[in-house]
Number of protein chains: 2
Amino acid sequence: MQNRARIVRLFRYRNVARKLKALRYIRVFSENLADAVGVTSAQVRKDFSLFSISGNRRGGYNVEEVIKQIEMVLGKGKLQKVILVGFGNIGRALLRYPGFEKDGIKIAAAFDIDPAKVNRESHIPVLPLSEMGNYVENNSIQIGIITVPDYAAQQVFELMKSAGIKGILNFAPICLQESEECIVNNINLETELESIIYYVKTRKKRKPKQ
Amino acid sequence: MQNRARIVRLFRYRNVARKLKALRYIRVFSENLADAVGVTSAQVRKDFSLFSISGNRRGGYNVEEVIKQIEMVLGKGKLQKVILVGFGNIGRALLRYPGFEKDGIKIAAAFDIDPAKVNRESHIPVLPLSEMGNYVENNSIQIGIITVPDYAAQQVFELMKSAGIKGILNFAPICLQESEECIVNNINLETELESIIYYVKTRKKRKPKQ
DNA sequence: TAGATTGTTAATCGATTAACAATC
DNA sequence: TAGATTGTTAATCGATTAACAATC
């Protein structure tokens, strides 16, 4: 499995290149990408070289080519349908989040255990959790998002795995363990914030009064 | 600066220990923590040893002690007030997210550039962006969350830095560059999901029909 | 050609893992 | 005591960085 940090960087290079393209840039140097993403230029060249993304000595990289080649590596494919389980605060926000669509990601349906939240008529239907298994099978869904409370997460996780889900983005504040059958990306919002607080505090200790 | 992955693991050990405490566990072995967090037991012991968190040879670690010692290291302090800029989908969800409070994190106010979103009477006030600088100063805020659209992110970032914000959790899909004066944690929701899709796809290639 | 940037190799750095002596 | 687990040291592994030859 390729190093996760490297894959994330590749996505970032692509994002920057897309912005540059929108600004009508034709070429870009490793140094520019490095600055935009916050790494060294050597890292950019190394990353590119590992994925055989090549530029032009002296002339840098062609912006279009960079986008195209990274998309090839990362597999910009056809529309990816995903499901979401847990129609609470975060779930609702993600359902309405406009950023996914442009990358070919479509939340096809949401599921919740609370009958009051079910809404089959909605643009993106909200269905009873009990229907998830069938839905996943009928629509060949592979990816799911978990936005349920922590006490429900493990159970929902098992349910999704047995339904055939192969990859999960988990926002419940618990570490779901990934396995051969299912990849997991745990995002703990509290921890993301707490770790910043930690760094701000400790940094100040080292440098009193900046 | 301490390795970020290590700090995140420490938070995870603490979270697990808290759950164990709720279940009336008295002791825990490095092996148990390792399983819960998805690392090796050697890693747990190494992490603990680096922060002088000690257990009992033969008897493992005392759950209470682990929590207390990790909290000491990570600085479970008094209530941390943070602000949020961008009262859209994600911003609204975070404002209502119940998980922060229990870790002593309180979103004190939200800010938005759209006058229609301003609501001074709300439990957590939503204020005009123009008032952010004063608010931050008057309330000694150090931490901010960015949930504005990508095109606004850089500008809001500069504004927050000049207001005196020292740490930022950024959900806008752009890499804000951290500096001496301000720590940044960039979370790109699209990329988090896209990288899972990438891994699911490539894993399947290697193991067809697993 | 001279100058600048890539692509790659080798060196460095740091994190993880293994192993085992210490010890409860 | 015998057995089991920590705590730490040394070995391994992998990722980043430096440096520079290739070359546009």
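Note on naming: letters A, B, ... go to the chains in the order of the sequence lines (proteins, then strands), and numbering restarts at 1 for each one.
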For [N] and [X] - does any side-chain N or O of the residue sit under 4.0 Å from the phosphate oxygens OP1/OP2?
X     : N      : answer
A:Y61 : C:dG7  : yes
A:N56 : C:dT6  : no
A:R9  : D:dT16 : yes

message = Using only modelled atom types and a 3.5 angstrom limit, is any donor from either the side chain of B:R57 or the base of D:dT6 paired with an acceptor on the other?
response =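 Present.
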Closest nucleotide among C:dT17, C:dT6, D:dG7 to the B:A42 side chain =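 Taking heavy atoms from C-beta onward, the closest nucleotide is C:dT17.
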query = With respect to the side chain of B:K46, which nucleotide from D:dT9, D:dC24, D:dT16 is positioned closest?
reply = D:dT9
key: Interatomic distance, B:Q43 CD vs D:dT12 P [rounded to whole Å]   = 18 Å
ask   = To the nearest angstrom, how far is A:R45 atom CZ from C:dT9 atom C1'?
value = 13 Å
task = Searching all strands shown, indicate the nucleotide that pairs with D:dC20 (Watson-Crick or G-U wobble; both distances under 3.5 Å).
result =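 Partner of D:dC20: C:dG7.
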query = Any sub-3.5 Å donor-acceptor pair from B:N32's side-chain atoms to B:F29's backbone N or O?
reply =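 Here the side-chain-to-backbone pair exists.
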task = Assert yes or no for the condition that the ring centre distance of B:Y13 to B:F48 is strictly below 6.0 Å.
result = yes
Proximity of B:Y135 and B:F111 rings by center, below 6.0 Å =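 Yes: the rings meet the under 6.0 Å criterion.
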task = Between A:S49 and B:L50, name the one whose nearest nucleotide on DNA chain C is closer to the 5' end.
result = A:S49
request  = Please tell me if the side chains of A:N188 and B:N15 come closer than 4.5 Å, counting only heavy atoms from C-beta onward.
outcome  = yes
